[in-house]
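Input: a single structure, listed below in structure tokens.
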Amino acid sequence: MYGKAFAPEYQGALTTLSVNSSLVDVLAAGTEQLAAAERAGARGEVARSGLAVAEAHRRLGQVGDADRAWKASYRAAREAGDTAAMAWALWSGGTLARQRGAFPLAWRLLGLAAEFGERGGDIVVRGYSLAGMAETGRIQGDYEAVGALHEQLLAEARKRGEARHTVWALEGIAQIHRNTGSYDTAYAMFEEAAEIAGRADDRRGHAWALRGLADIVSVRDGDAERALDLLAEAEVTCREMNLSSALAYNHKMRGNVLYRDGRYAEARDVYTQALAEFRAMSEPRGEALSRLGLAKSLAHLGHDLDDTAAELADLAEVLERIGLRHARQMVARAQAEFGIPTHTDAHTDAGADVRTAPVPDTGTRTGNEPSVHSSALAAADTATTTATATPTPGTPATTVAETDTAAVAGTPATAPTGTEVRR
């Protein structure tokens with residue numbers, strides 16, 4: 001039913017790379033091909049090679065390099081008049097924006113990518129872009145709004161026999177079920193994702209599925225040792241493929257498993273490791289979740305309760321600004337666990353203002369809409385967004401104003417911040 005997983009983001013002369021190619025190898029090959037294309041003046045190939053370079057940097061956690069690379073790819077594609085290549089660059093930029101925690105920008109760029117993909121006749125990048133929008137909403141905790149889109153994309157992927165996309169959709173829906181307490185359904189979907197990924201030789205998708213299974217085994221069954229074994233198996237893949245973000249999330253989950261098992265000193269050490277990894281790649285969601293686990297572990301080890309209360313209050317503010325509903329609820333539960341009073345106001349309502357953009361209309365276009373190349377791109381070239389820079393404990397959070405695709409035309413970006421790298 002499903003063929004071997006493939007990586008459509010590796011294009012042009014780089015199609016020989018596989019979904020399991022080491023990111024270090026992808027970066028080396030992409031950089032070499034990019035230089036050759038630039039020397040030849042082949043703008044289309046510059047765009048395609050630049051996309052691979054951007055994605056390798058992004059997945060390695062090198063967000064500054066990734067930011068420059070996707071914008072360069074976009075400019076080359078625009079010069080070449082290649083609408084589909086423009087869509088791929090925008091998809092990469094939108095995924096990076098989500099990774100940085102800049103959710104309004106992620107919605108904007110991924111929406112543009114879906115539009116460009118449709119106009120350029122590339123159903124794959126359109127599907128990836130819609131999936132990116134669904135994942136952005138899911139990470140923000142807006143399950144009701146994006147649940148149907150996840151299901152639609154899963155049905156489309158199954159129909160086309162696209163293993164990698166099917167695995168992604170299954171894991172996303174499974175995560176929604178896990179976060180809403182439907183553990184058995186979540187387990188079954190993570191298990192199916194692991195099976196499909198294994199048969200399709202999608203090692204990245206398989207590693208993420210194992211992490212999901214470990215979470216369920218720990219929280220539902222209380223089987224810490226089996227969960228740790230699953231995470232150890234996934235870690236091998238993360239290290240072999242240089243999946244920096246996936247490895248950090250693997251370590252954070254290991255901390256969760258140890259914490260649930262009452263092994264607070266071990267959990268403290270693992271959370272500390274994950275926190276350093278997330279900070280090194282500027283991923284505020286992972287950083288905030290690691291800080292939460294660390295604060296809870298330290299509290300159980302006798303840390304001063306006032307310090308714990310201050311850390312949790314700061315985390316609540318950080319997560320509110322980022323717009324992560326589920327994570328904010330986790331902080332509230334931690335505050336209740338340790339008997340820490342909270343101040344109820346508009347910002348503590350877990351349902352307040354999490355969404356930043358509407359779920360897209362995925363229907364067929366009539367051809368009578370204003371040109372996406374003029375109206376939508378003009379909006380992207382002039383829009384700005386605000387991203388939250390997650391502070392270190394004890395320092396106030398700051399707000400970083402960033403220019404989005406105005407930087408496509410060459411404006412330097414400020415230091416990025418981020419969230420989970422999934423694809």
Side-chain angles (χ1 to χ4, degrees), residues 1-2 5 131 134-135 137-139 141-144 146-155 157-158 162-238 243 245-263 267 270 274 285-286 289 293 324-327 329-330 333 420-423:
M1 180 178 180
Y2 297 101
E135 184 163 345
R138 176 176 59 78
I139 288 173
D142 201 352
Y143 305 142
E144 182 178 353
V146 299
L149 183 55
H150 273 82
E151 294 285 358
Q152 173 192 328
L153 294 168
L154 173 60
R158 287 191 191 279
E162 294 178 1
R164 188 182 178 201
H165 215 62
T166 299
V167 168
W168 167 84
L170 281 168
E171 291 172 353
I173 298 168
Q175 193 64 49
I176 292 174
H177 284 298
R178 182 262 180 261
N179 289 349
T180 53
S182 300
Y183 297 136
D184 292 347
T185 302
Y187 185 90
M189 298 190 82
F190 277 127
E191 189 173 48
E192 183 183 0
E195 291 173 357
I196 293 173
R199 291 197 303 269
D201 196 26
D202 177 6
R203 298 185 66 200
R204 182 187 295 115
H206 190 255
W208 280 106
L210 291 179
R211 176 182 172 275
L213 288 170
D215 187 24
I216 302 299
V217 166
S218 168
V219 73
R220 182 192 66 179
D221 305 334
D223 191 342
E225 295 310 313
R226 185 183 170 213
L228 292 172
D229 286 344
L230 288 166
L231 291 170
E233 182 182 349
E235 181 166 349
V236 172
T237 296
C238 294
L243 302 176
S245 183
L247 181 61
Y249 275 100
N250 181 292
H251 291 157
K252 196 272 296 179
M253 182 58 68
R254 180 177 292 273
N256 292 356
V257 171
L258 293 168
Y259 180 88
R260 292 169 188 151
D261 200 42
R263 294 151 67 173
V270 177
R285 176 174 176 263
L289 293 174
L324 297 174
R325 177 186 300 182
H326 179 67
Q329 292 171 335
M330 292 169 64
R333 288 195 294 270
E420 176 178 355
V421 180
R422 175 60 187 86
R423 283 199 171 277

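Below, each value reflects all heavy atoms present in this structure, side chains not excepted, and no hydrogens, waters or symmetry copies. Each residue takes its place number in the sequence, starting with 1. No experiment lies behind these values; they were computed from the predicted model shown.
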Where do L289 and M330 land on the side chain to side chain contact (heavy atoms under 4.5 Å, CB included) test, with the steps shown first? CA-CA 9 Å; L289 293 174; M330 292 169 64; 4.1 Å; yes

Trace of the salt bridge (charged side-chain N to carboxylate O under 4.0 Å, His left out) decision for R199 with E192: CA-CA 11 Å; R199 291 197 303 269; E192 183 183 0; over 6 Å; no

Would H165 and R158 count as a side chain to side chain contact (heavy atoms under 4.5 Å, CB included) here? Give the steps. CA-CA 8 Å; H165 215 62; R158 287 191 191 279; over 6 Å; no

Apply side chain to side chain contact (heavy atoms under 4.5 Å, CB included) to the pair L210 and L231, showing each step before the final yes or no. CA-CA 7 Å; L210 291 179; L231 291 170; over 6 Å; no

Evaluation steps, side chain to side chain contact (heavy atoms under 4.5 Å, CB included), between N256 and M253: CA-CA 5 Å; N256 292 356; M253 182 58 68; 3.8 Å; yes

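With sequence neighbours left out, the side-chain contact (heavy atoms from CB on, under 4.5 Å) criterion links A248 to E277, F278, M281. Shown here are the side-chain hydrogen bond (donor to acceptor under 3.5 Å, both in side chains) partners of R260, two or more places apart in sequence or in another chain: D215, S218. Residues satisfying the ring-ring contact (aromatic ring centres under 6.0 Å, His included) test with H150, not counting sequence neighbours, are W168.
Considering every non-hydrogen atom in both N250 and A234, the closest pair reads ND2-CB, 3.6 Å. For the pair I216 and Y183, the tightest heavy-atom approach, listed with the atom from each and the gap, is CG2-O, 3.8 Å. When all heavy atoms are compared, the tightest approach of A227 to V217 is N-CG1, 4.0 Å. Here the closest heavy-atom approach between residue L258 and residue V270 is recorded as CD1-CG2, 3.7 Å. The two atoms that bring A193 and V167 nearest to each other are O-CG2, 3.7 Å, heavy atoms only. The minimum heavy-atom distance between A134 and L153, with the atom names listed, is CB-CD1, 4.3 Å.
A donor-acceptor pair is defined here as one N or O able to donate and one able to accept, closer than 3.5 Å; such a pair exists between the side chain of T180 and the backbone of I176.
Remark: E235 CD to R254 CZ distance equals 6.0 Å, nearest 0.5 Å. Atoms CG and CG, from L228 and D261 in turn, are 8.0 Å apart once rounded to the nearest 0.5 Å. The line from CD of Q175 to CG of L170 is 13.0 Å long, rounded to the nearest 0.5 Å. Atom NE2 of H206 is separated from atom CD of E195 by 9.0 Å, given to the nearest 0.5 angstrom. Interatomic distance, K252 NZ to S245 OG, rounded to the nearest 0.5 Å: 11.0 Å. Taken to the nearest 0.5 Å, the CG atom of D202 stands 10.5 Å off from the OG1 atom of T166.
With a 6.0 Å cutoff to the six-membered ring centre and a 45° limit on the axis angle, R220 counts as a cation-pi contact of Y187.
Contact of the W208 side chain with the F190 side chain is not registered, since no non-hydrogen atoms from C-beta on lie closer than 4.5 Å. Considering only heavy atoms from C-beta on, E233 stays 4.5 Å or farther from R211 through its side chain. Side-chain contact between H177 and D184 is absent, with no heavy atoms from C-beta onward closer than 4.5 Å.
Between E144 and R138, none of the side-chain N atoms (NZ, or NE/NH1/NH2) sits under 4.0 Å from a carboxylate O, so this pair counts as no salt bridge.
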